[in-house]
Number of protein chains: 2
Amino acid sequence: MSEAARPAETLDSSVRQRLLRAASDLFAQKGYAATTVREIVAAVGVTKPVLYYYFGSKEGLYLELMQSTSQSFLKLLDEPVPAGATASQRIKRLGELAFQVFCEHLQTMKIMHAIYYGPPQGAPFVDFDALHQRFQDEVLRLVQEGMAGGEFRVGDAEVMTWALLGAEHLAMQFELCMPERRMGLEGLRRATDLVLEGISTAKA
Amino acid sequence: MSEAARPAETLDSSVRQRLLRAASDLFAQKGYAATTVREIVAAVGVTKPVLYYYFGSKEGLYLELMQSTSQSFLKLLDEPVPAGATASQRIKRLGELAFQVFCEHLQTMKIMHAIYYGPPQGAPFVDFDALHQRFQDEVLRLVQEGMAGGEFRVGDAEVMTWALLGAEHLAMQFELCMPERRMGLEGLRRATDLVLEGISTAKA
DNA sequence: GTCTATAAACTGATAGAC
DNA sequence: GTCTATCAGTTTATAGAC
């Protein structure tokens with residue numbers, strides 16, 4: 001509708017976007033249950049019906065946050081890879097893109113982690129495991145591909161996947177909880193390279 | 001007093017221990033804030049004053065759980081290593097012991113993660129970062145030791161540490177959230193070996 | 001001291017005017 | 001699209017009986 005016709009700048013500062021932003025900040029800081037609809041709308045400077053107009057409910061707003069972030073990750077899996085890329089390059093590319101999406105949605109990732117590791121807080125169920133599994137499967141597939149193509153040493157592809165995902169998860173956790181000592185994209189690259197060198201047939 | 005003189009079996013099933021166990025189960029399942037003192041004592045079959053006698057408060061009980069688990073981890077850092085052990089062997093040993101402690105205190109670790117990643121829930125502050133940092137520092141030290149001794153390739157010891165810790169963290173996260181697909185101690189060993197082989201000068 | 005009954009406050013959510 | 005006004009359900013606090 002008219003919303004789609006707006007320039008991008010207007011969209012980013014739209015009430016809808018500002019509500020999403022305020023909610024993600026508050027949910028991340030205080031938790032889903034402890035954050036009230038009143039606080040969210042007050043932070044944006046609008047009234048409650050505006051929130052219900054856009055999202056139907058507090059749960060709807062939460063789900064919008066979760067699903068939009070999940071979609072950003074899932075999109076990475078369907079993106080076309082550069083022609084002629086090696087398995088190593090594809091693994092690195094996927095890992096880096098996922099890390100960037102993670103950083104762009106840092107507040108939402110904080111909420112996800114809090115719900116995932118902690119009590120549900122009354123928030124509607126979201127299948128975080130499935131998302132994680134999709135990614136793990138894709139990395140496993142890429143490792144098996146590289147192994148079949150002679151790029152990686154013959155071995156247990158699952159163990160190699162664990163080593164690769166471990167670096168990824170650690171980089172994400174640092175970003176979330178210890179930003180002052182974070183690995184950053186560059187640290188993730190170097191740790192991933194280290195693992196990839198270890199499983200590669202070619203010697204650096 | 002008399003408590004110290006009791007045989008170990010009696011200690012494990014003492015009211016104090018049963019309170020700790022019940023509290024860790026409830027905190028892990030429902031969160032610290034949502035768990036009432038009433039529920040804890042009801043689960044053990046005692047009255048509230050019993051809890052206040054042993055721990056002073058709900059906070060005191062919580063801190064006892066956190067500190068006893070933290071101590072189990074910190075003890076690993078001070079334990080004497082087998083004479084003549086290589087850096088690889090020391091790293092593997094530390095990682096495996098830490099993983100075992102993690103599994104033994106699984107419920108408490110669940111609480112730690114919930115507090116660490118989520119809202120404080122009114123729980124008293126515990127410096128989880130410091131504990132994590134102590135471990136990371138120790139692994140880094142061992143990597144540097146191995147590098148100085150020619151056991152590991154010359155490179156960025158911090159990056160190597162990240163790769164090693166990544167596998168450890170992933171194994172712990174699986175144990176916590178996806179026990180049905182867990183790496184287990186054996187998976188951790190193999191992933192750690194993979195990384196260690198990659199940074200070793202000796203070829204397997 | 002402990003329990004129950006009730007009141008006050010706050011929650012997510014809605015109706016209807018503009 | 002946004003507002004004012006208000007809903008019903010829940011939690012929280014407290015007063016008062018036991």
(request) Go through residues 20-50 of chain A and report each residue with a non-hydrogen atom lying under 4.0 Å from DNA chain D, sorted by number. (result)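 A:Val46, A:Thr47, A:Pro49, A:Val50, in order of number.
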(message) Any salt bridge linking A:Arg141 with A:Glu145? Criterion: basic side-chain nitrogen under 4.0 Å from a carboxylate oxygen.
(response)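 A salt bridge is present here (some side-chain N lies under 4.0 Å from a carboxylate O).
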Atom-to-atom span, [atom1] of [X] to [atom2] of [N] - whole angstrom:
X       : N      : atom1 : atom2 : value
A:Lys58 : C:dC10 : NZ    : C1'   : 12 Å
A:Tyr54 : C:dA13 : OH    : P     : 18 Å
A:Leu19 : C:dG12 : CG    : P     : 14 Å
A:Tyr53 : C:dG16 : OH    : C1'   : 16 Å
A:Leu51 : C:dG12 : CG    : P     : 10 Å
A:Gln17 : D:dG1  : CD    : C1'   : 16 Å

(request) Could you grab the distance from atom CG of A:Asp193 to atom CZ of A:Arg189, nearest 0.5 Å is fine? (result)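 Going from the CG atom of A:Asp193 to the CZ atom of A:Arg189 covers 9.0 Å.
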(request) Output the distance between atom CG (A:Leu63) and atom OG (A:Ser68), rounded to the nearest 0.5 Å. (result)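 Answer rounded to 0.5 Å: 11.0 Å.
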(message) Looking only at the side chains, is there a donor atom on one of A:Gln133 and B:Arg181 sitting less than 3.5 Å from an acceptor on the other?
(response)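 Yes, because at least one side-chain N or O of A:Gln133 sits under 3.5 Å from a partner of the opposite role on B:Arg181.
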(request) Mark yes when over 12 heavy atoms from residues, nucleotides or ligands other than B:Arg93 sit less than 6.0 Å from its CZ; otherwise mark no. (result)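 Yes - once you tally the heavy atoms of other residues, nucleotides and ligands closer than 6.0 Å, there are more than 12.
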(request) Compare side-chain N and O positions of A:Tyr52 against OP1 and OP2 of D:dT2 and report whether any pair is under 4.0 Å apart. (result) no
(request) Kindly indicate, with the supporting measurements, whether the criterion salt bridge (charged side-chain N to carboxylate O under 4.0 Å, His left out) is fulfilled by B:Glu151 and B:Arg90. (result) CA-CA 12 Å; B:Glu151 187 181 337; B:Arg90 291 185 190 201; over 6 Å; no
